[in-house]
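First comes the structure, then the notes that go with it.
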Number of protein chains: 2
Amino acid sequence: MARLDALITRKGVYRHGSILYRSGDKFQALYAIRTGFFKTQILNEDGREQVTGFQMAGEIIGMDGIGSDAHTCDAVALEDSEICEIPFSRLEDLGRELPPLQKHLHRILSREIVRDQNIMLLLGSMRAEERLAAFLLNLSQRFAVRGYSPTSFQLRMTRQEIGSYLGLKLETVSRALSQLQESKLITVRNRSLEILCLHGLQACMGKRAR
Amino acid sequence: MARLDALITRKGVYRHGSILYRSGDKFQALYAIRTGFFKTQILNEDGREQVTGFQMAGEIIGMDGIGSDAHTCDAVALEDSEICEIPFSRLEDLGRELPPLQKHLHRILSREIVRDQNIMLLLGSMRAEERLAAFLLNLSQRFAVRGYSPTSFQLRMTRQEIGSYLGLKLETVSRALSQLQESKLITVRNRSLEILCLHGLQACMGKRAR
DNA sequence: TTTTAAATTTGATATATGTCAAAATTAGCA
DNA sequence: TGCTAATTTTGACATATATCAAATTTAAAA
């Protein structure tokens with residue numbers, strides 16, 4: 001694993017709002033987020049835009065670029081963040097020598113596929129409040145894995161960005177958050193979010209198909 | 001490439017309606033569709049279901065299973081289909097010896113990620129008629145790549161399945177198809193579809209964000 | 001072939017979310 | 001610190017799609 005370390009270089013700090021890569025940029029590396037928070041978004045010809053994910057410290061970003069040697073989305077820092085760069089062709093080289101590393105890469109790629117398909121399920125079959133519940137539970141769970149509180153955290157993104165990710169307008173996001181608060185499942189004040197009842201949120205998420 | 005051939009074994013014929021793998025099945029292999037047509041679908045706890053893709057001859061299926069050693073969706077034959085099995089651990093072994101094969105696998109995995117993210121864009125930001133247009137154009141393009149007519153083909157799936165894939169109810173799919181026909185962009189009669197104006201469909205797809 | 005079940009279309013109506021607008025709050029900047 | 005722009009909330013109303021229902025067509029089974 002020391003050999004993997006040798007590959008990785010600090011790419012430095014990305015300030016809030018700055019861009020790690022843009023759609024169309026030549027693909028050369030994956031990036032590990034050391035600290036901070038990012039969003040990825042695709043933009044199609046007619047200006048339609050969609051946030052495809054939010055990535056936090058400890059997660060890997062940039063896998064969209066492998067297939068065409070160019071990135072297909074933009075990655076934007078939502079807070080000041082530190083990034084490590086993993087040159088991909090050298091990672092492939094090393095993967096050939098170290099089967100566990102190779103396996104790990106494949107797992108990461110596959111999990112991204114599964115993650116995306118679960119968002120498809122969310123976008124295709126859940127109503128606004130359920131989408132919000134699913135979104136908050138997902139954040140909660142990821143914070144928990146990283147040793148942060150699963151019930152109390154800051155949202156790093158705007159209502160607009162949450163809406164884009166969930167296929168909703170920002171007003172709908174705001175209303176759904178208010179409703180969840182009304183139901184005593186969460187407390188939300190601006191970007192500060194507290195989950196009062198994880199179980200209740202889970203129940204809310206699984207209410208019923210459309 | 002003869003060595004790749006040696007890996008691959010005919011898994012035989014899957015009749016219409018039969019299941020290649022189920023969610024929860026142990027992951028052991030990827031599958032290449034030699035002939036035929038499949039759908040993949042996820043089912044969550046509360047019975048909500050979503051078609052995550054339609055796969056045709058020449059495409060690879062099963063990549064969702066790599067990340068957790070178990071499949072996360074069902075793969076169902078939509079017509080009688082022939083399947084080849086590619087044992088994944090042996091593919092990984094071979095990839096270590098043959099860098100071009102390794103690269104190819106990574107590309108396929110990444111392209112699946114990009115495909116899914118484009119469906120997220122569709123589900124999150126397009127209206128019913130645009131989704132249908134995008135869906136038909138995607139099929140058209142894939143048929144074209146495989147040497148079939150890009151403008152005249154059979155739909156292998158029900159309106160219900162199209163709807164599930166596009167996040168719409170089957171009635172909405174039916175109505176949207178009728179509208180596209182009304183606009184002289186397509187002719188549809190049952191499962192037979194003809195695209196009268198590819199350009200018009202593209203324009204329809206890009207109409208405007210919600 | 002005849003029968004039955006499944007899939008599709010179309011209409012009427014309901015509803016969730018979008019749109020537009022204004023006020024209130026918060027954050028960034030000089 | 002105060003000023004300005006951005007974000008958020010909430011309300012009133014519009015609209016796209018869902019829901020319910022019935023008729024029709026197509027495919028499957030006996």
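The basis for the numbers below is simple: all heavy atoms, side chains too, and nothing from hydrogens, waters or symmetry mates. Lettering follows sequence order; numbering is per chain, from 1.
Under the side-chain contact (heavy atoms from CB on, under 4.5 Å) test applied with B:Ile83, the options B:Ile33, B:Val13, B:Thr35 reduce to a single match, B:Ile33.
Note: CD (B:Glu130) to C1' (D:dA16) measures 12 Å, nearest angstrom. Atom CG in B:Leu132 sits roughly 13 Å away from atom C1' in D:dT17 (whole-Å rounding). The distance from atom NE2 of B:His16 to atom P of D:dA29 is 10 Å, rounded to the nearest whole Å. For B:Leu155 and C:dT9, the CG to P distance is 10 Å, given to the nearest whole Å. The distance from atom CD of A:Gln154 to atom P of C:dT26 is 13 Å, rounded to the nearest whole Å. If you measure from atom CD of A:Glu129 to atom P of C:dT15, you get 17 Å, rounded to the nearest angstrom. Between B:Arg15 atom CZ and D:dA28 atom C1' the separation is 14 Å, expressed in whole Å. Atom CD of B:Gln179 and atom C1' of D:dT17 are 11 Å apart (whole Å).
Counting heavy atoms of neighbouring residues, nucleotides and ligands inside a 6.0 Å radius, atom CD of B:Gln160 does not exceed 12 of them. Heavy-atom neighbours of A:Arg22 CZ from other residues, nucleotides or ligands within 6.0 Å: at or below the threshold of 12.
Residue B:Arg115 holds its CZ atom at 13.0 Å from OG of B:Ser110, rounded to the nearest 0.5 Å.
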Review point. Going 5' to 3' along nucleotides 6-13 of chain D, which nucleotides have protein heavy atoms under 4.0 Å from the base (write B), which only from the sugar-phosphate (write S), and which from neither (write -)?
Key: -SSBBBB-
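B:Gly163 comes within 4.0 angstrom of no nucleic acid atom, judged by non-hydrogen atoms across all strands. Within the nucleic acid shown, A:Gly167 comes within 4.0 Å of sugar-phosphate atoms alone, with no base atom in reach, counting heavy atoms only.
A donor-acceptor contact closer than 3.5 angstrom links the side chains of A:Gln154 and A:Ser192. For the 3.5 Å distance criterion, the side chains of B:Glu49 and B:Ser164 fail to qualify, holding no donor opposite an acceptor.
Comment: A:Glu59 does not engage A:Arg111 in a salt bridge, judged by the lack of any side-chain N to carboxylate O separation of less than 4.0 angstrom.
Recorded end-axis angle for the helix from C:dT1-D:dA30 to C:dA30-D:dT1 stands at 60°, based on five pairs per end and rounded to 10 degrees.
Relative orientation of the A:Phe27 and A:His71 rings is perpendicular, given thresholds of 30° and 60° on the angle between their planes. Ring geometry for A:Phe143 versus A:Tyr148: interplanar angle over 60°, hence perpendicular rather than tilted (30 to 60°).
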